[in-house]
Amino acid sequence: MHTLRIDAGRLQGNLEELSRIGRLEGGGVCRLAFTEEDKRARDWVEAKMRALGLAVRIDRIGNILGLRKARREAPPVLCGSHTDTVATGGCFDGSVGVLAGLEVMETLNEAGIETEVPVGVLSFVNEEGARFQPDMMGSLVVRGSLDVDHARQIAGVDGITVGQEIDRLSFAGAADFKRMPIRGYLELHIEQGPLLEKNDIQIGIVEAVQGIRWIEYMLEGAAAHAGATPIELRQDAGFVAGCIVQLARRLSIEIEGQRATVGTLRLSPDLVNVVAEKARLTVDLRNPDPGRLDEAEARLNQGIEEIAASERVRVRRATKVNVAPAAFDPVLVNAVDQAARGLGYTSIRMTSGAGHDAQILAAACPAAMIFVPSRGGISHNTREYSSPEQIAAGANVLLRSLLAIAG
Ligand SMILES: [Zn+2]
């Protein structure tokens, strides 16, 4: 069993085949959640699972579970990730985890290995949240913190609801994974950051994931002539928005482990010679420490109130996403560590900067993650790349740690 390895060529072939669904001209893919492209990719995964002899079940939000037979019936050890992407996504974010999981199943089939407890692959729906928020929607449903009927009512950026798309494209099955006991969940993913590549390390053993908050701010001042209105008479929503961008950077510098980003900012009326009446912007806050995350949000809101009051601009805010930091299960983290060592790969322990389904599941079952390097640390971009060798190393660690837990 110690010489058992996945087939790197086969895994690469599957990654290439999947990347043809929703392919963008010039590379990369667009498979926004609950679109035809997303559905075609999910059908492709389902067909692969059936071809591998897995028992396939789909729940009411569209999560797909493929389970392999074992010596005894018991809570399964699962691996997986997602196949939806952002609008200008790469071919690796999410897909690597699902396809490596399928590759592990095929490797076990070929070697005729029967595990003690079942192993399987879980492909989550709408991890990215680019069209419908919250992100990690599928794993939130599995954990039981998002009700399917509520999720169906959520409208996307285009006004269409999740439920309408689920019905139109037949995403749903009848299964319910909410109370399914899971012995462990392992997710292989590209790092989406520069640390592994920069330090020339093959495997990231992920111990924790940062907490994430997305807050939207709506500012309302008064439109005025850019030439005729004295500064002291202005209620400039654009000025307050600019101060928020600066404040976010200052918090990132002053609070340990903090990242704060203004990723969207729209001014209205958005004209060259008019003081902005309104501004709508988002702040993405991340920190591995829950107390520091609270501190960042409190200081952000207090700073915004002060600036807005002095400019006589009204502020409304709405929290769009609030995901607590997650610490992964020490037993699973150790299993990944042992597997990487046993295979002779270089590895480091690290915290994930990006959010993942594993972080959601960590509240419901033991979970851990395996990272492989991302070239240039680039992700959520068509230029995203990890080499076949890097992905194969991650898949071999997944295979070995999964076996260690499943017996
Ligand atoms: Zn992902």
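Atoms within each ligand, like the ligands themselves, are counted from 1 in listed order.
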With the Zn ion (ligand 1) as the apex, the OD1/NE2 angle for Asp93 and His189 - to 10°: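 Once rounded, the angle between the two atoms at the Zn ion (ligand 1) is 80°.
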Trp214 and Gln133: side chain donor to acceptor below 3.5 Å: no
N, O or S atom within His82 nearest to the Zn ion (ligand 1), by name: NE2
Salt bridge (charged side-chain N to carboxylate O under 4.0 Å, His left out) between Lys48 and Glu103, worked out: CA-CA 10 Å; Lys48 282 273 172 205; Glu103 176 57 37; over 6 Å; no
N, O or S atom of Asp357 closer to the Zn ion (ligand 1) than 2.8 Å: no
Heteroatom N/O/S of His356 within less than 2.8 Å of the Zn ion (ligand 1): no
Salt-bridge criterion met for Arg42 and Glu46 (N-O under 4.0 Å): no
Stepwise salt bridge (charged side-chain N to carboxylate O under 4.0 Å, His left out) test for Arg131 and Glu165: CA-CA 12 Å; Arg131 187 178 172 211; Glu165 293 297 59; 2.8 Å; yes
